[in-house]
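Note sheet for the following structure.
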Amino acid sequence: MIDLPDHHSDELRGGVSACATSIVLSTSIGGLFGGIGAAIGFIGAAAGPACLAIF
C-alpha cells in the first residue's frame with residue numbers, strides 16, 4: 001500500500017464523501033415523493049457509480 005500525504009489526498013475525488021453526498025441528495029429528493037421515494041433514492045444512490053467506484 002502506498003502512503004499518501006494529506007496535501008495529495010485533498011486533490012482526490014470520490015471515495016466516501018462522494019458516496020455519502022450522493023446518498024444524502026438522492027434520499028432527500030426521493031423523500032419529496034414519500035417514504036418509498038426516499039428508499040428508492042437511497043438504494044439507487046448506494047448502487048450508483050459514486051459508491052461502487054465505477055468512475
(message) Return the CZ to OG distance between Phe42 and Ser22, rounded to the nearest 0.5 Å.
(response) 10.5 Å

(request) Count the heavy atoms of every other residue, nucleotide or ligand shown that sit under 6.0 Å from CD1 of Ile36, and state whether that count exceeds 12. (result) no

(request) Of all the heavy-atom pairs spanning Ala46 and Cys51, show the shortest one and how long it is. (result) O-CB, 3.5 Å

(request) Give the minimum heavy-atom separation between Gly41 and Ser26, together with the two atoms involved. (result) O-CB, 3.3 Å

(message) To the closest 0.5 Å, what do you measure between SG (Cys19) and CG (Leu52)?
(response) 8.0 Å

(request) Measure the spacing between CD1 of Ile23 and CD1 of Ile43 and express it to the nearest 0.5 Å. (result) 11.0 Å

